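Hydrogens, waters and symmetry mates are skipped; everything else that's a heavy atom, side chains included, is used. What you see is a predicted model, and the numbers here were worked out from it, not measured in a lab. Order of the sequence lines sets the chain letters (A, B, ...), proteins ahead of strands, with each chain counted from 1.
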Amino acid sequence: MAKNIYEKIWERHVVHEEPGQDAILYIDRHYVHEVTSAQAFEGLRLAGRKVRRPERTFATMDHNIPTTGRSKPIEDPLSQQQVDTLEANCREFGVRCFDMNDPDNGIVHVIGPELGLTQPGMTIVCGDSHTATHGALGALAFGIGTSEVEHVLATQTLLQKKSKTMEVRLTGKLPRGVTSKDVILAIIGKIGTAGGTGYVIEYTGEAVRQMTMEQRLTMCNMTIEAGARAGLVSPDSITFEYLKGRKYLPDKPWDELVAGWSSWASDAGCTYDARVELDVSALEPQVTWGTSPGMVTGINGKTPVLAEIKNANARLAAEKALAYMGLPEGLPMTEVRPNVVYIGSCTNGRIEDLRDAARVAKGYKKAGGVDYVLIVPGSYRVKEQAEAEGLDKIFKSAGFEWREPGCSMCLAMNPDVLEPGDRCAATSNRNFEGRQGKGSRTHLVSPAMAAAAAIKGHFVDVRNWEFK
Amino acid sequence: MKPFTVLTGIVAPLEALNVDTDQIIPKQFLKRIERTGYEDFLFFDWRFREDGSLDPDFEMNAARYKGASILLTKDNFGCGSSREHAPWALDNYGFRCILAPSYADIFFNNCFNNGILPIVLPGGVIEQLFKEVRAKDGYQLTVDLPAQQIVKPNGSRIPFDVNLFKKECLINGWDQIGLTLRHEDKIAAFEKRR
Ligand code: SF4
């Protein structure tokens with residue numbers, strides 16, 4: 001029988017199943033970061049347990065770390081303690097840790113694919129909801145809580161119920177200036193932030209096949225914002241090309257690896273529990289206007305008019321969101337003026353994202369109304385590559401700040417925090433109230449859109465950009 | 001894990017859609033390395049004013065909801081970040097049970113792993129409960145997990161569904177790692193096979 005990729009991965013990872021109970025699912029890779037792991041390691045210690053498969057476990061520090069320089073200790077003693085705790089735990093339990101100064105350090109969802117740790121057909125978990133990112137390589141990857149982190153550390157398995165599957169078929173060709181970030185924002189706008197709850201999504205269709213690996217990573221990353229825990233793309237030649245030469249690939253002949261990886265792709269004629277279709281050829285660059293990623297419109301759209309929203313709950317939510325965002329009803333998005341721009345995160349902190357932003361910024365200067373622009377690469381490798389291409393110089397001469405890698409202003413646990421009332425054009429994934437700092441306002445956009453807003457001082461349609 | 005069997009308690013309303021875990025507990029409180037002591041950080045930005053005093057505009061702050069152990073709320077509760085600090089904060093504050101039309105997946109699982117019972121009820125039932133809670137000071141419900149029923153003050157009952165395995169784990173307060181390790185031989189065999 002024809003199977004989809006989720007069914008294949010699920011079946012080959014079930015260790016044990018009893019009727020009426022969750023299945024025990026084997027976990028191939030476990031990524032760990034400093035914020036969601038301390039209590040799990042402590043649990044192991046209290047129970048006298050070990051990490052069952054340290055060689056399948058990889059840790060990084062990304063959430064708390066400063067982006068201004070790594071030579072001095074972290075100013076916030078609690079952040080320092082969290083980072084130190086991870087380091088000590090990794091030492092005690094024999095886990096490889098990419099610490100703050102390791103050349104392979106970076107945001108967990110950037111370095112996993114980049115180092116070739118993430119491979120097609122794997123089951124991957126991390127105490128982080130954006131683990132969905134890794135699905136772009138055809139792995140079943142999802143976020144878990146800290147109790148589950150402890151469970152995986154101790155048993156290398158997880159108790160799971162099989163999910164339903166949803167096919168999101170993307171037809172048409174992506175117009176120039178429109179990115180996979182715009183696609184995923186449009187999908188969330190269409191199905192809602194709970195539209196994928198209970199499902200694992202597979203992205204299919206010609207538009208997906210044309211996407212680069214990094215574009216797919218961006219799209220899968222935000223699958224969680226649609227409520228689905230995991231988003232996958234069946235592996236193809238683009239996947240294999242991307243993986244070639246990566247550091248942590250198994251030591252096997254290339255043809256053998258590719259043959260193995262290919263076998264995970266969904267079979268022709270397989271079925272799904274639900275199906276959504278989106279024609280991307282008519283899509284425009286997207287901008288969020290509210291406090292939930294589903295509160296989104298095209299760049300030529302406007303903030304909503306409350307009287308036009310029929311559902312009472314949705315109207316209430318929109319009213320609250322507009323008040324929080326300090327925006328009137330019916331305002332064209334091109335009149336929204338951010339005073340801060342942040343380009344980075346596990347959604348859009350990769351080299352192609354920085355190239356997109358640099359292409360727009362080249363030859364321009366940041367607008368007067370924009371206080372500062374942070375460019376935060378997703379990893380040291382991304383940073384190094386960007387510098388080799390001279391992107392840092394383009395950013396600096398535009399008046400942007402070029403930072404060290406990390407999560408930075410995506411969730412503002414480190415010193416990169418917005419002030420109350422700040423309005424930020426951000427390439428990250430969440431525009432929740434206070435996400436980037438108490439009272440801060442976030443508009444989610446693609447890297448090119450963010451760079452364009454930094455130059456013009458308000459959102460513009462980057463499809464009409466005059467490149468220099 | 002703390003077992004959950006039958007709970008009788010005050011119900012506190014939280015009238016908001018898509019309450020994300022950043023709202024349940026903001027990031028500045030995720031730096032601690034303990035599992036307890038999060039009660040004062042729950043709904044921090046909503047509960048407290050700039051000067052640290054309770055915000056009277058936040059409904060749950062009203063004296064009548066003091067000591068509440070059941071949270072009544074709306075769709076897609078717990079969306080966003082996977083932080084288990086969210087159920088820790090709810091638990092530390094005193095909530096043992098949540099009633100909502102729907103939840104985000106990761107949060108839903110995290111609750112069960114912390115002895116909190118998240119119950120899914122139809123939107124209409126939730127709306128009705130909001131009315132009743134507000135109409136009567138000290139409104140209490142009894143949540144009977146073994147019987148899978150919620151008992152209202154007037155004695156009427158609302159049945160609910162729950163994953164039977166999770167129900168058993170909650171009632172017995174089972175440690176899931178211990179449960180899984182009973183199958184250690186199967187894990188070892190699986191590892192050998194591949
Ligand atoms: S960049 Fe943001 S979303 Fe991604 S892992 Fe870091 S904090 Fe989480």
Student: Given a strict heavy-atom distance threshold of 4.5 Å, which part of Thr157(A) is in contact with chain B: side chain, backbone, both, or neither?
Tutor: side chain

Student: Salt bridge check, Asp28(A) against Arg194(B): does any charged N sit closer than 4.0 Å to a carboxylate O?
Tutor: yes

Student: Do Lys186(B) and Glu18(A) meet the salt-bridge criterion of a basic N to acidic O distance under 4.0 Å?
Tutor: no

Student: Can you tell me which portion of Asp76(A) sits under 4.5 Å from chain B's heavy atoms? Options are side chain, backbone, both or neither.
Tutor: side chain

Student: Between Trp88(B) and Gln39(A), is there a side-chain donor-acceptor contact under 3.5 Å, judged purely by atom types and distance?
Tutor: no

Student: Less than 4.5 Å to any heavy atom of chain B: does that hold for the side chain of Ala194(A), its backbone, both, or neither?
Tutor: both

Student: Whether Arg52(A) and Glu184(B) form a salt bridge (side-chain N of Lys/Arg under 4.0 Å from carboxylate O of Asp/Glu) is what I want to check.
Tutor: yes

Student: Can you say whether Glu42(A) sits under 4.5 Å from chain B via the side chain, the backbone, both, or neither, judging by heavy atoms?
Tutor: neither

Student: Taking side chain as everything from C-beta outward and backbone as N, CA, C, O, which of these in Gln436(A) sits under 4.5 Å from a heavy atom of chain B? Side chain, backbone, both or neither.
Tutor: backbone

Student: Quick check on Val152(A) against chain B: is it the side chain, the backbone, both or neither that has a heavy atom closer than 4.5 Å?
Tutor: neither

Student: Do we see a donor-acceptor contact under 3.5 Å between the side chains of Ser147(A) and Glu84(B)?
Tutor: yes

Student: Would you name the heavy atoms of Ala314(A) and Leu17(B) that are closest together and state the gap between them?
Tutor: N-CD1, 4.3 Å

Student: Under 4.5 Å from any heavy atom of chain A, what part of Asn109(B) do you find: side chain, backbone, both or neither?
Tutor: side chain

Student: Flag the pair Arg53(A) and Glu191(B) as a salt bridge only when some basic side-chain nitrogen lies within less than 4.0 angstrom of an acidic carboxylate oxygen.
Tutor: yes

Student: For Asp22(A), is it the side chain, the backbone, both or neither that has a heavy atom under 4.5 Å from a heavy atom of chain B?
Tutor: both

Student: Check whether Phe190(B) gets within reach of chain A through its side chain, its backbone, both or neither, counting any heavy atom under 4.5 Å.
Tutor: side chain

Student: Relative to chain B, which segment of His130(A) carries a heavy atom at a distance below 4.5 Å: side chain, backbone, both, or neither?
Tutor: neither

Student: What part of Thr85(A) is in contact with chain B, defined as an atom under 4.5 angstrom from a non-hydrogen atom: side chain, backbone, both or neither?
Tutor: side chain

Student: Side chain, backbone, both or neither: which part of Phe108(B) has an atom under 4.5 Å from a heavy atom of chain A?
Tutor: neither

Student: Do the side chain of Lys27(B) and the main chain of Arg435(A) share a donor and acceptor less than 3.5 angstrom apart?
Tutor: yes

Student: With a 4.5 Å cut-off on side-chain heavy atoms, are Arg83(B) and Val35(A) touching?
Tutor: no

